[in-house]
Amino acid sequence: MLKQTSYLSKTYGMPEGWTLPVYEKECDGYATAKRVLTTMTPEQVVTEAKKANIRGRGGAGFPMGVKWSFMKPHPTKPAYLVINADEGEPGTHKDRTLMELNPHAVVEGCIIGCYGIGAHAAYIYVRDELHLSKERLWAAIEEAKKKGYLGARPFGKDYAVEVYVHTGAGAYICGEETSLLNSLEGRRGEPRLKPPFPAQAGAFGCPTTVNNLETIAAVPSAFKIGCEEFSKLSDIHHLNDGGVRLFGVNGHVKKPGVWECAVGLTLRELIYDLGGGIHGDKELFAIIPGGSSTPVLRATDVVDAPDEKSPLHKWHGMSVLDVPLGVDTFRGLGTMLGTCCATVMAEGTCPVAAMHNLMQFYRHESCGQCTPCREGSGWLLRICEKLMAGTATMDELDQMHDIANNIMGNTICAFGEGTAMPALGFLKKFRKEFEAYVRGERKGSDAKLALEGMFS
Amino acid sequence: MPFALSPDRERTLEDILKRYPTKMAACIPLLHLCQEQEGWISEDVIQFVAHRIDLPPAHVQGVVTFYTLFNQKPVGKHQVWVCRTLPCALRGAGSLLAHCEKKLGIHAGETTADGKITLRTAECLASCGTAPMMQVDKDYHENLTVERVDALLEKLRS
Ligand SMILES: Cc1cc2nc3c(=O)[nH]c(=O)nc-3n(C[C@H](O)[C@H](O)[C@H](O)COP(=O)(O)O)c2cc1C
Ligand code: SF4
Ligand code: FES
């Protein structure tokens, strides 16, 4: 159900909304961190955090509080909080708005998070291209420090907390958490084999929690109103998917953008009510629900969940557009919620050209450590190129399934699945369109036009 | 001549080192600092960084070659990056790039003869909601139209 909220985004659009005076006046800024540090124990913080049912906003949807509870004090090693603001997943444009327009929520979240997991330092890993984001975060850190909210004794409490901004240098893979940790340590951003998981050996070999930037920015709001109350703002609180989050929409809609709403919004509401409907009043054709790694949906897809135990049963037989955007509901649809920023394609968009575009991305960004991912991403791209040129065969179309299936489960990190799943999604949902290319009924030159239509 | 940082950047380097428990962690920030001054990462820069944070030059070299934003050869005075990934492509990034190439008389990946502009494509820059877009040096330019692109390129060339 469409319920716009303003927990994370209250300062958006306000003059100087990113500065401390506005955050303190409008959001009761840092009062929550102060209360948490001075009246709660770290154990109470983690127990409370679990009740918020904040599912990780970075893509995988793991419950934040549960992740925090994996942190066990180490006799000799310090612990770290690392915030993932790499925001590289194609179609994702939400974390940037928080860094630019409400950076203090991030800093306050870091203070509460550090205290809860036993860390004294947080590193916010921001992709290098986001210069304004880095600037606003550093400025927020400085402001908080001057007021004594950060440093050796935040709010007079004998618990030191420092927050730093660290930057990458242009590599999508550094959004993967272990690659990000290598990059933070000053190495090539190659993902690490797990286990050990970051909670055992993360940054600098020490226990570490990696949270997405929006995940941590939601923490002050959750603790302010009470984590259970926060969870109940969601329509699918009963599916342990709580609170509010940022919803983005891009591509062929009239009004692309980012809005904060209660969890439980549907794609139809996102595309038509918030996004203003389809550009040129065309028909909706396809949707990539949450970043390019989440398998595509066709606008005509309906929910198939006859089993009463399925979290989706309530929507059995209905359009996928009417299913609440949730971690488990979208997994049930055979895709993923991902980063909750949807890419919309209007009737006339060519799925072959769309897949070709994305395979260029994956080929470019594979770090090359694992053979199935390195070779598979290149091979998938080559067949896409042949399809576009009109020289691919039916055998090659089938081969794409084999290549993608050979990547799945055979790689060090989830980039492999992130490449294979969307490839399989396009092939499955648009088999007819792909076959038309093989038979020569459609050509790549038409397809390119179909993608480029809007710039004039 | 061996590479050296300007005095104010030397102070920044000291600040950077204080943020981390290891010197190695300063590798990427330090490379950015050097590139800001020099425009690219030369062999001398690699030696300098390796020396300052006690790493083998091969380690620093490995880092430089991993990340696309480190220039391994000199580039134009201004960097123009056109985002080409799907959400931007759906709003005309392909035509935008073609327009830039025609206007500048170069292909993506090349630098204009006067050394003023290097044109490149970028993968999704987290600006899909304001597509099509391009990054010029440190600034984002969003919701682009042909007119705005022309004005921007004119300014860079003058
Ligand atoms: C290839 C790849 C890229 C990723 N990119 C990002 C990213 O840009 N930002 C992000 O927060 N998480 C990204 N993730 C997910 C992280 O690995 C990690 O799950 C997340 O940061 C955890 O935070 P959360 O639990 O708060 O979502 C990526 C994962 C993979 C496999
Ligand atoms: S799956 Fe791909 S990106 Fe991940 S480690 Fe292997 S080669 Fe690198
Ligand atoms: S696709 Fe261009 S900014 Fe995301």
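Below, read A as the first sequence line, B as the second, and so on, with proteins coming before strands; counting in each chain starts at 1.
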Which one, B:K23, B:H59, B:K138, B:Q35, leads in non-hydrogen pairs under 4.5 Å with chain A?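 Of the options given, most contacts go to B:K138.
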Using a 4.5 angstrom heavy-atom cutoff, name the option from B:C27, B:C83, B:P87, B:A131 with the most pairs to chain A.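 It is B:P87.
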Where does [X] contact chain B at under 4.5 Å (heavy atoms): side chain, backbone, both or neither?
X	answer
A:F361	both
A:T97	neither
A:V163	neither
A:I173	side chain
A:T167	both

Which of the residues [options] is involved in the greatest number of heavy-atom pairs with chain B at under 4.5 angstrom?
options	answer
A:E89, A:K94, A:R127, A:H364	A:R127
A:G189, A:P78, A:A171, A:G88	A:G189
A:G257, A:A169, A:G186	A:A169
A:A203, A:S292, A:G168	A:G168
A:S183, A:C341, A:G248	A:S183
A:E190, A:H166, A:H356, A:E162	A:H166

Smallest separation among heavy atoms of [X] and [Y], with atom names:
X	Y	result
B:G62	A:R188	O-NH1, 2.7 Å
A:Y164	B:R19	CD2-CG, 3.5 Å
A:M345	B:L90	CG-CD1, 3.8 Å
B:V63	A:R187	CG2-C, 3.9 Å
B:A126	A:E87	CB-CG, 3.5 Å
A:C174	B:Y67	SG-CE2, 3.7 Å

Side chain to side chain contact (heavy atoms under 4.5 Å, CB included) between A:E185 and B:T22: does it pass, once the steps are laid out? CA-CA 8 Å; A:E185 290 178 15; B:T22 66; 5.7 Å; no
Distance from [X] atom [atom1] to [Y] atom [atom2], nearest 0.5 Å?
X	Y	atom1	atom2	value
B:L86	A:N357	CG	CG	5.0 Å
B:I28	A:Y125	CD1	OH	5.5 Å
B:C128	A:H93	SG	NE2	5.0 Å
A:Y172	B:T85	OH	OG1	11.0 Å
B:Q135	A:E129	CD	CD	6.0 Å

Kindly state whether the ring of A:H131 and the ring of B:Y140 have centres lying under 6.0 angstrom apart.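 They do not qualify: ring centres at least 6.0 Å apart.
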If you count the non-hydrogen atoms of other residues, nucleotides and ligands that lie under 6.0 Å from NZ in A:K282, is the total more than 12?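 Atom NZ in A:K282 is not packed in, count stays at 12 or less.
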For A:H120, does the NE2 atom sit with more than 12 other heavy atoms under 6.0 Å from it, leaving out its own atoms?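 Enclosed: over 12 neighbouring heavy atoms sit under 6.0 Å from NE2 of A:H120.
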Does anything in residues 46-57 of chain B get under 4.5 Å of chain A by heavy atoms, and if so which residues?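 When heavy atoms of chain A are the reference, residues 46-57 of chain B contributes no residue within the under-4.5 Å range.
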Contacts with chain A made by residues 102-125 of chain B (heavy-atom distance under 4.5 Å), listed by residue number: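 Result: B:E123, B:C124, B:L125.
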Mind jotting down which residue pairs meet the salt bridge (Lys or Arg N to Asp or Glu O under 4.0 Å) criterion with at least one end in residues 57-79 of chain B? Sequence neighbours excluded, please.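 Sorted pair list comes back empty.
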Which residue pairs pass the salt bridge (Lys or Arg N to Asp or Glu O under 4.0 Å) test when at least one of the two sits in residues 346-368 of chain A, sequence neighbours left out?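 Listed by first then second residue: nothing to list.
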Pairwise side-chain contact, A:C367 with B:F66, heavy-atom cut-off 4.5 Å (strictly under):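 They are in side-chain contact.
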For the residue pair B:Y20 and A:F204, categorise the inter-ring angle as parallel (less than 30°), tilted (30 to 60°) or perpendicular (more than 60°).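 Correct class here is tilted.
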Side chain to side chain donor-acceptor pair (under 3.5 Å) between A:N250 and B:R91: does it pass, once the steps are laid out? CA-CA 9 Å; A:N250 58 73; B:R91 296 185 82 85; over 6 Å; no
